[in-house]
Every structure is written in C-alpha cells, then in structure tokens.
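To start, the structure itself, in structure tokens.
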Amino acid sequence: MPSARITNHSLKLKWSEGRIIRLDAEGRWGSFRDDENFYRRTMAGEVVLRQGRGYADCSSEQAEDLHQKILHFLKKVGGAADNPSFPITFYGEQGKHSIFMERVQQALQWTSERYAEEMTRFQNAYPETIEILPPDRYQDLVLLPALGCPNNQCTFCAFYQGQRFRVLNKEAFVEHITRVKALFGKALNGKKGLFLGAASALSMPQKKILECLQMVNDVFGKFPHGIAAFHDADHSPQRKPEDYDALADKGLGHVTIGLETGDPELRKSFHKSADISHLLKVVRDQKSAGIRCAITVLIGVGAQKIEVHQTATTQVVEAMQLDKNDLVYLSPLEGTSGAADSDAEMELFRQSLSLVTAAQISPYLITKFRYFA
C-alpha cells in the first residue's frame, strides 16, 4: 500500500517497493528511487546516480529525461490519489489527504525549465561551490562568510588548490544570506544545523567571525544542532581561551580540524605545519569552551609510512583527550590505494585509536558528498 510522510519541510512518498520520491516544502524533488536506480539532485542543480561508494554525474540529457519521468510519475500519483478513498497511509504531523494533494500539485509546477532556473539562482546565491562538509554536517544549511582556503597548497586536497582566502564584507554577506534564504524557501525548516564555510571560517579575524555569528543568530535563530565550521589551526588568528568562549557564546558548537597525521615530517610533506604542540593547544582551548572537536586522519599515505603514521597519530590523538562527544574521521586519500587496501588500513587505525580515545571513530568518504537538495 502507498504511504506518505508529510512534515512542514518535506514529503516522502513510497508508491511501491521500487518507487520512492522525496519532495521539499517548495515542491522540488530531492531524491528518487526508480527500482534499482537511486537519483539525487543537488542544490546546484546537478542530478547524480548513486554508484558504489559515490555518485556518477548524469548528463544534461539524462537529467532532462529524469525530470520528465518524475513529472509523469507525479501526474499518475495525483490522478490516482485525487479520490479521498484511495488506499494510502499518511504519517507525519501534516499527514492529511488535502495537504498531500497540495504538495503533489505544487511539485507538478516544477518543469525542466524551472529546475534549470534553479541552477542560476544557486550560482547567484553561492559565490563558490560547496566542495566538502564533515559527514555529520551533510544536512546543514551552508553559508559562506569567507571563500577559498588560507593554505590552498595541501598536496592531498584537490578542492581549493590555488584559491586564495577572502572574507566577504558585511554588505556582501548580507546579500548572500538574503539570496540563500530565497533559494531554500520553506525547505529551510528542514535544516537542523548551520555550517560556516568555506575551507576554514575560523581563519577569519575574531571580530569578523563574531559579527557573522551574530548576523546568523539574528536572521535564523538557534539551530538544534548548532553552528559548525572547519578550522585550519595553522592559518588562523592566535586565539586565547576566552576568544573560544566568545565564539561558543554566539553558537559555535562544533569544529573540524585536519590533523591528517601525527608525524611532523609527513605533515610537512602535505604542506601542513609540523608544529603539533600548537594544534594540541587549539584543540584543548576549544574543548574548554565547550566546542565539540572532530579530527581528520588520512588513510593511504603510503605502505612504507603506515607504521610511522599510525604510531605518531595514535599518540597525538591520545594527547588530545577527546571525549565521547568528539569525532575522529578516517579519510582515505583518493587515488592512492584500492578500496580493499583502504578498508584494511581504516580498520587498523580504528582499532589502534579506539584504545586511546573515547571519541567516535568514523569513516570520511569524500566521494559521498554533494550539497544535496
């Protein structure tokens, strides 16, 4: 029997075992399962097909065909469910037949041309592509008070090579917020957290990031999952413990830092600072302010370096004194080893790290990320 879960920010319709679609509160489809194929649409307008550990891009022609297939499917749904006695089960706080029909009719207004216009709206709202987020923040609303990366020379990162770090002025950030709000519309109700991008929002001057946090609070209020950001500790202002207290008071609750490895020489080879003591102090000060920390560790740096990498990284993570609210991400270095090798090395690191930290240890597969609608 068909079923629909309706909330104030989405509708998830299960029509059969092989047909499931999710719509947002604006009527835009976000995911569509068609038998064995699972498609997703990004906020930037791309359509992708899940394959293995990641997603394959669909061509514009394939995306057009899929939009038409979805419209045809929704017309079929609307026609069948127009009869109030049609056998469909409703769930959710807004699970009513009348609201369901309104949402379906709303979705039918989204033609291929209108989805194409959304791509332009995204480009106008976001001055930079959303390249990557930490896995536990994939569902966040992303705002960009700064662009690029303050380091932009990390040898393992293909996202921000050569892109200089630039902080938006107040007027530009206000315009950015306004356009993002208009882009998401009612779908904003589904965002439980906010992520300040891009590569390292905490590389902004203290006064500037406090100003941005206040603006976010004024416009959006509090998010249940709080505000998060990346932090390049080597290319950021020198902050005192009270500075982190001030950030936490403004809502910053979660920061992800790229340790990559605990071995100073390996860090230097990645164009990262070899000064581990500074990074340890940053983590300690953030945790003292009540800010959760996530640490990224690279997997696949080279077979001849595994032992040094593992030993040094385990020692550094132990010294961080992370707790159960923190995270250690194990991130395979793309293009250096096969899936089987990465899995084996991840398990090796997971076992050694679990002996010295109470933090959650989780994989970080960058191929899984897109800024999905």
Compute the centroid of each ring, for Phe86 and then for Trp15, and state whether the two points are separated by less than 6.0 Å. yes
Please report the closest heavy-atom contact between Pro363 and Pro135, naming both atoms and the distance. O-CG, 4.1 Å
Side chain Arg179, main chain Asn124, donor-acceptor under 3.5 Å: yes
From CG (Leu355) to CZ (Arg350), nearest 0.5 Å: 9.5 Å
Contact check, side chains of Ile209 and Val167, non-hydrogen atoms, under 4.5 Å: no
Could you give the distance from OG1 (Thr261) to NZ (Lys272), rounded to the nearest 0.5 Å? 11.0 Å
Is any NZ, NE, NH1 or NH2 atom of the basic residue among Asp326 and Lys287 found under 4.0 Å from an Asp or Glu carboxylate oxygen of the other? yes
Under 6.0 Å from the CD atom of Glu307, do we count more than 12 heavy atoms belonging to anything else shown? no
Residues Lys207 and Asp243 bridged, charged N to O under 4.0 Å: no
Identify the heavy atoms of Lys208 and Lys170 that sit nearest to each other, and give their distance. NZ-N, 3.4 Å
Gln304 vs Ile306 side-chain heavy atoms within contact, under 4.5 Å: no
Is any side-chain N of the basic residue among Arg267 and Asp234 closer than 4.0 Å to the acidic one's carboxylate O? yes
Does Val328 reach the side chain of Ser362, with side-chain heavy atoms less than 4.5 Å apart? no
Strictly below 4.0 Å, N to O, side chains only: are Arg121 and Glu117 in salt-bridge contact? no
Within the side chain of Ser342, is there an N or O that forms a donor-acceptor pair under 3.5 Å with the backbone of Pro332? no
Does Arg19 pair with Asp35 as a salt bridge, N-O distance under 4.0 Å? no
Over 12 foreign heavy atoms within 6.0 Å of CD, Glu17: no
Hey, what do you get for NE2 (His97) to CD (Glu102), rounding to the nearest 0.5 Å? 11.0 Å
What orientation do Tyr115 and Trp110 show, parallel under 30°, tilted 30 to 60°, or perpendicular over 60°? tilted
Is the shortest distance from a Lys or Arg side-chain nitrogen in Lys250 or Asp245 to a carboxylate oxygen in the other one below 4.0 Å? no
Is any side-chain heavy atom of Gln286 closer than 4.5 Å to one of His231? yes
Which heavy atom of Ala233 sits nearest to which heavy atom of His278, and what is that distance? O-NE2, 2.9 Å
Do Leu327 and Ile295 make a side-chain contact, defined as non-hydrogen atoms from C-beta onward lying under 4.5 Å apart? no
Would you say Arg114 and Gln109 are linked by a side-chain donor-acceptor pair, where the criterion is simply a distance under 3.5 Å? no
Val142 vs Leu144, test: side-chain contact (heavy atoms from CB on, under 4.5 Å). Steps then yes/no. CA-CA 7 Å; Val142 178; Leu144 300 177; 4.1 Å; yes
Would you find a donor on one side and an acceptor on the other, under 3.5 Å apart, between the side chain of Gln106 and the backbone of Ala25? yes
Search all heavy atoms of Leu147 against all heavy atoms of Glu128 and return the closest pair with its distance. CB-OE1, 3.5 Å
Does the distance from a Lys or Arg side-chain N to an Asp or Glu carboxylate O, for Arg137 and Asp140, drop under 4.0 Å? yes
Evaluate side-chain contact (heavy atoms from CB on, under 4.5 Å) for Tyr39 paired with Ser31, printing each intermediate quantity in order. CA-CA 6 Å; Tyr39 300 92; Ser31 63; over 6 Å; no
ILVMFWY cluster, Leu49 and Phe32 together (side-chain gap under 4.5 Å): yes
Note, Leu168 side chain near Pro145 side chain (heavy atom, < 4.5 Å): no
Considering non-hydrogen atoms only, spot the tightest contact between Tyr91 and Ser3 and give its length. CE1-CB, 3.9 Å
Using only heavy-atom distances, determine whether the side chains of Ser277 and Asp275 contain a donor-acceptor pair under 3.5 Å. yes
Verdict with supporting geometry, Lys305 and Leu266, side-chain contact (heavy atoms from CB on, under 4.5 Å): CA-CA 9 Å; Lys305 301 175 182 178; Leu266 269 178; 3.5 Å; yes
Test of understanding: clusters of I, L, V, M, F, W, Y form through side-chain heavy atoms closer than 4.5 Å, transitively. Do Val219 and Leu247 belong to the same one? yes
ILVMFWY network linking Phe38 to Leu365, side-chain heavy atoms under 4.5 angstrom: no
What residue among Asp24, Leu13, Leu108, Leu11 forms side-chain contact (heavy atoms from CB on, under 4.5 Å) with Arg103? Leu11
To the nearest 0.5 Å, what is the distance between CD on Glu131 and CD1 on Ile366? 10.0 Å
Pair Asn83, Ser85: side-chain N/O donor-acceptor within cut-off below 3.5 Å: yes
According to ring pair (Phe, Tyr, Trp, His ring centres under 6.0 Å), does anything in residues 344-373 pair up with another residue at least two apart or in another chain? List the pairs. Tyr55-Phe372, Tyr126-Tyr371, Tyr138-Phe369, His309-Phe349, Tyr329-Tyr364
Under-4.0 Å salt bridge between Glu46 and Arg370: no
Would Val297 end up clustered with Val308 when hydrophobic side chains under 4.5 Å apart are linked, directly or stepwise? no
Using only heavy-atom distances, determine whether the side chains of Thr296 and Glu260 contain a donor-acceptor pair under 3.5 Å. yes
Could you tell me if Arg284 and Gln321 have a donor-acceptor pair between their side chains, going purely by distance under 3.5 Å? no
Heavy-atom side-chain contact between Gln310 and Leu348 under 4.5 Å: yes
Please, which pairs that meet salt bridge (Lys or Arg N to Asp or Glu O under 4.0 Å) have at least one residue in residues 64-93, sequence neighbours excluded? Asp34-Lys69
Ile70-Met119 co-clustered via ILVMFWY side chain contacts under 4.5 Å: no
For the pair Phe270 and Leu298, evaluate side-chain contact (heavy atoms from CB on, under 4.5 Å) and give the outcome as yes or no after the intermediate values. CA-CA 11 Å; Phe270 296 149; Leu298 288 178; 3.8 Å; yes
Atom pairs and distances, side-chain donor-acceptor, residues 182-205, under 3.5 Å, sequence neighbours left out:
residue: Asn189; atom: ND2; partner: Lys186; partner atom: O; Å: 3.2
residue: Lys191; atom: NZ; partner: Gln139; partner atom: O; Å: 3.3
residue: Ser200; atom: OG; partner: Ser203; partner atom: OG; Å: 2.6
residue: Ser200; atom: OG; partner: Asp232; partner atom: N; Å: 2.9
residue: Ser203; atom: OG; partner: His235; partner atom: O; Å: 2.7
residue: Ser203; atom: OG; partner: Ser236; partner atom: OG; Å: 3.1

How about Glu118 and Arg28: do any of their side-chain heavy atoms sit closer than 4.5 Å? yes
Gln351 side chain to Glu347 side chain, donor-acceptor N/O pair below 3.5 angstrom: yes
Nearest-0.5 Å distance, CE of residue Met43 to CD1 of residue Ile130: 10.0 Å
Do Gln68 and Ser112 meet the criterion of a side-chain donor-acceptor pair at a distance under 3.5 Å? yes
Minimal non-hydrogen separation, His176 against Pro127, with atom names: ND1-CD, 3.9 Å
One should read off an interatomic distance between Ile257 CD1 and Phe230 CZ, to the nearest 0.5 angstrom, of 11.5 Å
